[in-house]
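Report on the following structure.
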Amino acid sequence: MGRLVQRRLWHRHDFSSVFVPAIVSTIEACFGDTAVGVALDRYCQDTYNTAREEGQFAAVPVVFTNASALPAIIAVGDRVLLQNSTTGAQYSVDGPFNIPALGSTPAPGLPGALTARAQVVGTSANAAINSITIVVGSILPPEITVTNPVPGFGLDRETDAAYLERGRLSLAPLSPNGPDEAYLASALNATRPDGSAVDVTRAQVIEDLITGSVTVYYASATGPTADLVYVVDAANREVRPKGVDYTGLSAVAVVVNVAATITIKSVFWADSPTNYNVMH
């Protein structure tokens, strides 16, 4: 009889050690504060109708220069692989395109300009100006060089914390009075015509209580936003109450000099505290 009781207790212990953690994790996955990963995706989609931003490949305008008297013709299906000389990140430019003899491909913004696409998603492939200078492989002759006259940036996959915050903010535009959070929420959910997310990560709302006008400054993680037109359109459609004079502007980077006085307490090499004026 004693053996039978011990065996039953042992089976009960096995059951709790296997199933209780699974039940706990299932319950936690039902709440935004504890859900992570795929569980958080389901929670935000069901609760806020908001999908996670999967990140973006950096798209960097590049210019090829040909020092040869012969043009270089890149056919359909051919791919030129490039590398960042600073970070080692790689990018590709797909044909067809031509590199003229003793000339260059069009500059960024001009018809026919070329764009290199990062091989990985995220900010690890961000490219500073003139950092993409290496042609990988031998598809191009050595007389051809490459560089990027303007920078390029990717976006990392949205973290659990940022995803949950954006989901919660998505309820703010439901207010008929347009709270401050509503402008940020509409910007975080705004998309370009191709469906990709805009680069806004923060916003500052300035309200004039006398005139009733609202000015919102939007910024990306790296400074001014390049997607202002889509952000303003989203705010006009989702947030701005009728009768409110709304203006959306891109933030501008400002250098601020800070003057400070540092007092260093007396130590073995000084008889009394010493003041140092510092300008930064």
Problem set entry | Residue pair L140 / V80, side-chain heavy-atom distance below 4.5 Å | yes
Exercise. What do you reckon, is OH of Y48 surrounded by more than 12 foreign heavy atoms closer than 6.0 Å?
Worked result: yes
Problem set entry | Test applied, side chain to side chain contact (heavy atoms under 4.5 Å, CB included); reference residue, Y183; option that passes from V205, V231, L169 | V205
For this session: Might you work through the side-chain contact (heavy atoms from CB on, under 4.5 Å) test for Y91 and I132, ending with a clear yes or no?
Result: CA-CA 9 Å; Y91 314 78; I132 301 178; 3.7 Å; yes
Exercise. Within a strict 4.5 Å, meaning less than it, do heavy atoms of the V232 and N236 side chains meet?
Worked result: yes
Exercise. Do L81 and F64 share a hydrophobic cluster (ILVMFWY, side-chain heavy atoms under 4.5 Å, transitive)?
Worked result: no
Exercise. Is the shortest heavy-atom distance from the side chain of T87 to the side chain of S131 under 4.5 Å?
Worked result: no
Exercise. Would you say V135 and P142 make side-chain contact, with heavy atoms under 4.5 Å?
Worked result: no
Exercise. In terms of heavy-atom contacts, does CD of E165 have more than 12 from other residues, nucleotides or ligands at under 6.0 Å?
Worked result: no
For this session: Taking the side chain as every heavy atom from C-beta outward, state whether D160 and R52 have any atom pair closer than 4.5 Å.
Result: yes
Exercise. Would V62 and F153 show up in the same hydrophobic cluster when neighbours are defined by side-chain heavy atoms closer than 4.5 Å?
Worked result: no
Problem set entry | Side-chain touch V252/Y217, heavy atoms, less than 4.5 angstrom | no
Problem set entry | Residue of the set V200, L155, D199 for which side chain to side chain contact (heavy atoms under 4.5 Å, CB included) holds with S220 | D199
Exercise. Which of these passes side chain to side chain donor-acceptor pair (under 3.5 Å) with N130: T86, N148, T147?
Worked result: T147
Problem set entry | Neighbour count above 12 (heavy atom, 6.0 Å) for D208 CG | yes
